[in-house]
Protein chains: 2
Amino acid sequence: MPLKNTGTEQHIKDTAKRLLFAEGKLHATTQEIADAAGVNRTSLHYYFRSRDQLIAAIFHDAMHDLSQRLNTCMTAGQPFKAKTENIIAVFLRHMIAFPYQETFLVTEINTLGQQLMSDIHSEPVMSYLKEAADEMEKGTITKMNPAHFLMNLFSLLSYPLIMAPLYEQLFGVSGEEFKALIDERGRVIMGLLFKK
Amino acid sequence: MPLKNTGTEQHIKDTAKRLLFAEGKLHATTQEIADAAGVNRTSLHYYFRSRDQLIAAIFHDAMHDLSQRLNTCMTAGQPFKAKTENIIAVFLRHMIAFPYQETFLVTEINTLGQQLMSDIHSEPVMSYLKEAADEMEKGTITKMNPAHFLMNLFSLLSYPLIMAPLYEQLFGVSGEEFKALIDERGRVIMGLLFKK
DNA sequence: TTTTATTTTAACAATTTTGTCTAACAAAAA
DNA sequence: TTTTTGTTAGACAAAATTGTTAAAATAAAA
């Protein structure tokens, strides 16, 4: 007999993902997750047995998605600069939606066991780094260890989003005004990474 | 009669600070903190009444330190470029020691109440941003909203440290090798932020 | 040495959070 | 319809975490 499959399981995962990765509620309880999803807490145990396994499930999904995204972007058949612009667009969109995903991963890494990280395959990244090195030879970007180039890219993308509440206070701007700043970042980042 | 003041209170704060801000143990229990400090858990309550108040205490200290550091660096009587080099050195040192401090602040901000953030006074930052704008006029740095310049600076400094475990996996390097990469970052960041 | 204030400890209580069990319910298959 | 399978809900149990109390230990002051 087929499962009824009313989508509750996926709905719980989506809700947990939102609480943890989007809203940064790092220690959301099973009750909070259930409430947010509008289901009884028991359903959570029915589908995932335990809180840990729910967390593990959404992490596994998230890592799989991330790996896919990296793979697709970095092995696309485009010139390096266009490829990088695309990476910025794709990852900026994702990081606006889920700014705390990577932070969560890192801070939970001890709890979760590191094998989750092995979902990320490094070959596409390595080939992108190789292309970056070629560009440095050509002189379109400043010479450095390509690892720095990649860290620079993701730093410039992610950090302002994670720290948004802090920066809104520091600059004395509203959420709306800050959003406008973020919209400019793609252009700013390209300007920094590539020589004129 | 004066307090004995054997330094236990400060020792507990230092230990909690290390667990939360340095090791990223975001939900360290009172027991874990007490164990790490080598004291009975009750001492924790004796000095701070509750877990929340302990957290609030270390946050208050941390915000105060941060505010001082910003103030000192940003109002120092130096040319802009030298000042920025100093900021990088000072903050890199601090962020190597306590990479999770800001992340923790942001994710706990709902719990802690936002008045803690008002400890950061924005005047020194604003005056630094003004100087950055002047430099853009002079042409030593690329023209942009000065807020971007500051976000770029702190992004490039902090993010790689927060994500160290991730990058070690991604690049397939050891902790030692990654540390060597981090040591290069000051130079890399200056190269990005300032025109040749 | 006795006193006194402070600090630390052990035992216990309260609360929060997680997990289990059983029964009720719903929908498709027999 | 009855049975079977899958899903949801309520009540309860267990575990983890926090908080309290009272007593013991410590060290300086009287």
Side-chain angles (χ1 to χ4, degrees), chain A residues 1-21 23-61 100 104 107-113 116, chain B residues 1-21 23-61 100 104 107-113 116:
Chain A
M1 187 192 261
L3 297 186
K4 256 202 249 173
N5 196 5
T6 53
T8 307
E9 179 170 359
Q10 189 59 44
H11 176 61
I12 292 172
K13 282 205 281 189
D14 290 344
T15 304
K17 202 174 152 191
R18 198 191 75 223
L19 286 179
L20 302 177
F21 298 163
E23 298 177 21
K25 302 264 165 61
L26 298 199
H27 20 259
T29 64
T30 53
Q31 187 64 63
E32 286 168 332
I33 297 170
D35 288 351
V39 303
N40 190 288
R41 193 171 58 83
T42 317
S43 298
L44 224 121
H45 286 96
Y46 173 71
Y47 288 109
F48 303 99
R49 305 270 322 166
S50 72
R51 183 183 189 277
D52 281 357
Q53 288 193 58
L54 166 60
I55 305 276
I58 62 174
F59 253 111
H60 192 276
D61 289 5
Y100 298 98
F104 200 113
T107 58
E108 298 291 271
I109 220 160
N110 306 302
T111 323
L112 285 166
L116 267 182
Chain B
M1 191 187 261
L3 298 187
K4 257 201 247 170
N5 195 8
T6 54
T8 306
E9 179 169 359
Q10 189 58 44
H11 176 61
I12 292 172
K13 281 204 282 189
D14 289 344
T15 304
K17 201 173 152 191
R18 196 191 77 223
L19 285 179
L20 301 177
F21 299 163
E23 297 177 22
K25 301 265 165 60
L26 298 198
H27 20 261
T29 65
T30 53
Q31 186 66 63
E32 287 168 330
I33 297 170
D35 286 354
V39 302
N40 191 287
R41 194 172 57 83
T42 317
S43 297
L44 224 122
H45 287 95
Y46 172 71
Y47 288 109
F48 303 98
R49 307 274 316 171
S50 72
R51 181 184 191 278
D52 281 358
Q53 288 192 57
L54 165 60
I55 306 277
I58 63 175
F59 253 111
H60 192 275
D61 289 5
Y100 299 98
F104 200 114
T107 59
E108 297 291 89
I109 219 160
N110 307 301
T111 323
L112 286 165
L116 266 183

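Taking every side-chain heavy atom of A/Ser43 into account, D/dA9 is the closest of D/dA9, C/dT18, D/dG6. In the set D/dT18, C/dT18, C/dT8, D/dT18 carries the atom at the smallest distance from any side-chain atom of B/His45. Listed candidates were C/dT20, D/dA9, C/dT7. Nearest to the side chain of B/Tyr47 is C/dT7. Picking from D/dT18, C/dC21, D/dG19 the nucleotide with the shortest atom distance to the side chain of A/Thr42 gives C/dC21. When distances are taken from the side chain of B/Arg51 to each of D/dT18, D/dT8, C/dG19, the shortest belongs to D/dT18. Checked against C/dT7, C/dT18, D/dT18, the side chain of B/Thr29 finds its nearest nucleotide in D/dT18.
Rounded to an integer number of Å, the gap from A/Glu9 CD to D/dT8 C1' is 15 Å. Here C/dT17 presents its C1' atom at 18 Å from CZ of A/Arg49, a figure rounded to the nearest Å. Rounded to whole Å, the distance from CD on A/Glu32 to P on C/dT16 is 12 Å. When rounded to the nearest whole Å, the span between OH of A/Tyr46 and C1' of C/dA23 equals 15 Å. The distance from atom CG of A/Asn40 to atom C1' of D/dC12 is 14 Å, rounded to the nearest whole Å. Put simply, CD on A/Gln10 is 14 Å from P on D/dT7, counting in whole angstrom units. A/Gln31 places its CD atom 12 Å from the P atom of C/dT16, with the value rounded to the nearest Å. A straight line from CD1 of A/Ile12 to C1' of D/dT7 spans 11 Å, rounded to a whole angstrom.
Of all non-hydrogen atoms in A/Ser50 and A/His45, the two that sit nearest each other are CA-CD2, 4.2 Å.
Here the straight-line distance linking atom CG of A/Leu44 with atom CD of A/Gln31 works out to 9.5 Å at 0.5 Å rounding. The distance from the CD atom of B/Gln10 to the CG atom of B/Asp61 is 6.5 Å, given to the nearest 0.5 Å.
OP1 or OP2 of C/dT8 has at least one side-chain nitrogen or oxygen of B/Thr8 nearer than 4.0 Å.
Using cut-offs of 30° and 60° for the angle between ring planes, the A/Phe59 and A/Phe104 rings count as tilted.
Judged by distance alone, with hydrogens and angles left aside, B/Arg41 brings a side-chain donor or acceptor within reach of the base of D/dG19, the pair sitting under 3.5 Å.
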Does the side chain to side chain contact (heavy atoms under 4.5 Å, CB included) test come out yes or no for B/Glu9 and B/Phe48, once each step is laid out? CA-CA 9 Å; B/Glu9 179 169 359; B/Phe48 303 98; 3.7 Å; yes
